[in-house]
Protein chains: 2
Amino acid sequence: MSGSRVERPLARGRGIPEATVARLPLYHRSLVALRERGVTTVSSEELAAAAGVNSAKLRKDLSHLGSYGTRGVGYDVDYLVYQVARELGLTQDWPVVIVGVGNLGHALANYGGFTSRGFRVAALVDNDEALAGELVNGLPVYPLAKLEQIIAEHHVSIAVVATPGPVAQDVCDRLVAAGVTSVLNFAPVPLQVPEGVDVRKVDLASELQILAFHEQRKQMSLLTPLTALAPLPPRTEAAG
Amino acid sequence: MSGSRVERPLARGRGIPEATVARLPLYHRSLVALRERGVTTVSSEELAAAAGVNSAKLRKDLSHLGSYGTRGVGYDVDYLVYQVARELGLTQDWPVVIVGVGNLGHALANYGGFTSRGFRVAALVDNDEALAGELVNGLPVYPLAKLEQIIAEHHVSIAVVATPGPVAQDVCDRLVAAGVTSVLNFAPVPLQVPEGVDVRKVDLASELQILAFHEQRKQMSLLTPLTALAPLPPRTEAAG
DNA sequence: AAGTGTGAATTGATTCACAGCC
DNA sequence: GGCTGTGAATCAATTCACACTT
């Protein structure tokens with residue numbers, strides 16, 4: 001993934017491969033979009049096309065959740081939406097705290113995908129005293145001193161770190177000490193956490209750099225016909 | 001990735017595995033941080049700790065670039081920074097266009113990691129006529145009609161799509177038609193692109209949902225001692 | 001006839017463990 | 001003696017191809 005891997009080969013319990021878990025949100029979104037268009041039944045081929053993966057992978061992924069399809073027919077959209085949502089934990093309400101209300105924190109507080117679908121921004125927290133009390137997207141910004149109190153009162157277990165790099169580890173330590181067990185890290189540093197705490201990293205600069213790597217190769221192969229002759233595997237799936 | 005995979009098993013040319021490419025930005029950043037702290041030589045063990053990976057993986061990754069270390073000693077920080085930067089294409093200048101100047105586009109335009117280190121925001125583009133001419137982070141916002149002209153004049157090959165989902169595919173098609181061959185997609189839809197064009201997806205909602213999945217499992221195992229007895233593999237690496 | 005679910009085969013990534021070099 | 005670089009072994013993910021169900 002692009003984010004950093006949670007170091008656990010198989011998800012606990014029924015044992016869903018991590019690669020499959022990472023695609024469930026994609027399937028969920030595609031299914032919701034199909035449902036909104038009035039589609040009631042979908043084949044693995046169709047759903048795979050909508051999600052931009054191949055159908056064998058989709059079927060294998062769904063088979064890890066259970067046998068929710070009908071041979072010769074396909075999957076019932078409503079039923080599958082529910083099953084995937086339940087598996088992802090979207091049928092419960094997750095209060096989330098966002099630490100760091102800079103440009104990115106601001107954008108995240110307003111981001112639709114964060115506020116809808118199971119998640120709710122319980123509080124915004126920032127170091128900067130000047131911001132305290134300010135309203136962002138209708139939500140007040142609390143000072144960092146209130147962090148532990150907010151986590152306890154709202155039963156927050158998932159936090160978003162959108163602070164500058166140098167303070168991210170300190171913030172993370174406080175989050176974990178206060179009871180947070182899942183962290184989404186936007187700061188450009190690897191966070192150290194104790195066992196049992198999950199971290200996923202979203203690294204905007206890295207993503208651009210990975211694109212630049214491939215872009216450079218493309219441009220090189222235009223200039224040097226020798227390497228340009230190396231066969232490229234076909235791109236059948238949609239990406240992104 | 002957390003981001004969607006570029007569908008090419010090995011990078012062109014010398015054949016660097018995609019998983020290795022995805023970690024090079026991490027190593028680059030860790031090396032720069034070490035250099036800033038005055039470190040001149042580093043062992044695979046030390047660098048791996050700084051980057052949050054294990055040392056065997058780091059050595060294998062670096063071995064794909066070449067033999068840049070010294071046995072019994074370690075790696076010269078300056079030299080390795082340069083080699084990794086060169087491999088990533090950071091020694092050249094990449095003009096980037098950002099399409100969509102909503103909350104997220106705004107944040108990205110201001111984001112340090114985007115503007116420094118090889119990348120330069122050549123232009124901001126938005127559909128909204130009201131925004132046209134406005135200055136964001138000192139950069140003017142251009143109307144969508146100017147998209148092709150901007151790409152041609154600035155020789156843009158990398159674009160960032162930060163538009164709402166419904167228009168993302170249209171924008172992407174125009175970008176590709178105008179010559180863009182790498183796209184960083186923040187819109188919550190899979191983009192269809194022709195062969196030879198790379199797309200990476202950053203999906204904030206997905207990342208939260210993946211955390212929620214694991215969080216739900218943790219909470220379930222607290223309630224049901226039976227599954228709580230299932231052994232957890234140790235977490236030795238840092239994540240995020 | 002259509003299309004899921006899944007063993008088997010393949011491909012890719014990670015980890016081990018040590019030979020080789022400084 | 002210490003540490004890199006790398007074959008070999010292991011582990012995970014993907015793809016194939018078809019038996020089975022409706």
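Letters go in sequence order (proteins before strands), and every chain restarts at 1. Remember, predicted model here, so these are calculated numbers, not experimental data.
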Q: Whole angstrom is fine here: how far is it from CG in B:Leu24 over to P in C:dA13?
A: 13 Å

Q: The side chain of A:Ser43 is closest to which nucleotide in this list: C:dT4, D:dG5, C:dG5?
A: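 Among the listed nucleotides, the one closest to the side chain of A:Ser43 is C:dT4.
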
Q: Verify ring pair (Phe, Tyr, Trp, His ring centres under 6.0 Å) between A:Tyr75 and A:Tyr68, making sure each step is shown before the conclusion.
A: CA-CA 7 Å; A:Tyr75 302 90; A:Tyr68 296 143; 8.7 Å; no

Q: Nearest 0.5 Å, what's the CG-CZ distance between B:Leu184 and B:Phe186?
A: 4.5 Å

Q: Is there a side-chain contact between A:Glu18 and B:His214, using heavy atoms and a 4.5 Å cut-off?
A: yes

Q: Report the distance from atom OH of B:Tyr68 to atom C1' of D:dT6, rounded to the nearest whole Å.
A: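 Value for this atom pair: 17 Å.
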
Q: Shorter than 3.5 Å, N or O on both sides, protein versus nucleotides 18-20 of chain D: list them out with atom names.
A:
from: D:dC20; atom 1: O2; to: A:Arg71; atom 2: NH1; distance (Å): 3.2

Q: Take a 6.0 Å sphere around CD of A:Glu45 and say whether it holds more than 12 heavy atoms from other residues, nucleotides or ligands.
A: no

Q: Rounded to whole Å, please give me the gap between CG in A:Asp61 and P in D:dT15.
A: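 Atom CG in A:Asp61 sits about 11 Å away from atom P in D:dT15.
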
Q: Check every atom of C:dT4, C:dA13, D:dT15 against the side chain of B:Pro17 and return the nucleotide holding the closest atom.
A: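 When the side chain of B:Pro17 is considered, C:dA13 is the closest of C:dT4, C:dA13, D:dT15.
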
Q: Rounded to the nearest Å, what distance is computed from the CG atom of residue A:Leu62 to the C1' atom of nucleotide C:dG5?
A: 11 Å

Q: How far does the helix from C:dA1-D:dT22 to C:dC22-D:dG1 bend, going by the axes of its first and last five pairs, to the nearest 10°?
A: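 The angle separating the two end axes equals 0°.
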
Q: Could you state the NZ-P distance from B:Lys57 to C:dA17, rounded to the nearest angstrom?
A: 17 Å

Q: Indicate whether the side chain of B:Gln169 and that of B:Gln192 have a donor and an acceptor atom separated by less than 3.5 Å.
A: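 No, B:Gln192 and B:Gln169 have no side-chain donor paired with an acceptor closer than 3.5 Å.
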
Q: Give the rounded distance in Å between these two atoms: NZ of B:Lys60 and P of C:dT15.
A: 12 Å

Q: DNA chain C: A:Val73 or A:Ala56, which has the more 5' nearest nucleotide?
A: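 Taking each residue's closest nucleotide, the earlier one in sequence belongs to A:Val73.
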
Q: Rounded to the nearest 0.5 Å, what's the gap from CG on B:Leu211 to CG on A:Leu88? Could you check?
A: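 One gets 11.5 Å once the value is rounded to the nearest 0.5 Å.
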
Q: Whole-Å distance between C:dC16 P and B:Asn54 CG?
A: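 Taking atom P of C:dC16 as the reference, CG of B:Asn54 is at 7 Å.
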
Q: From CD of A:Gln83 over to P of C:dT4, roughly how many Å is that when rounded to an integer?
A: 17 Å

Q: Are A:Arg217 and B:Glu87 within salt-bridge range, i.e. N to O under 4.0 Å?
A: yes

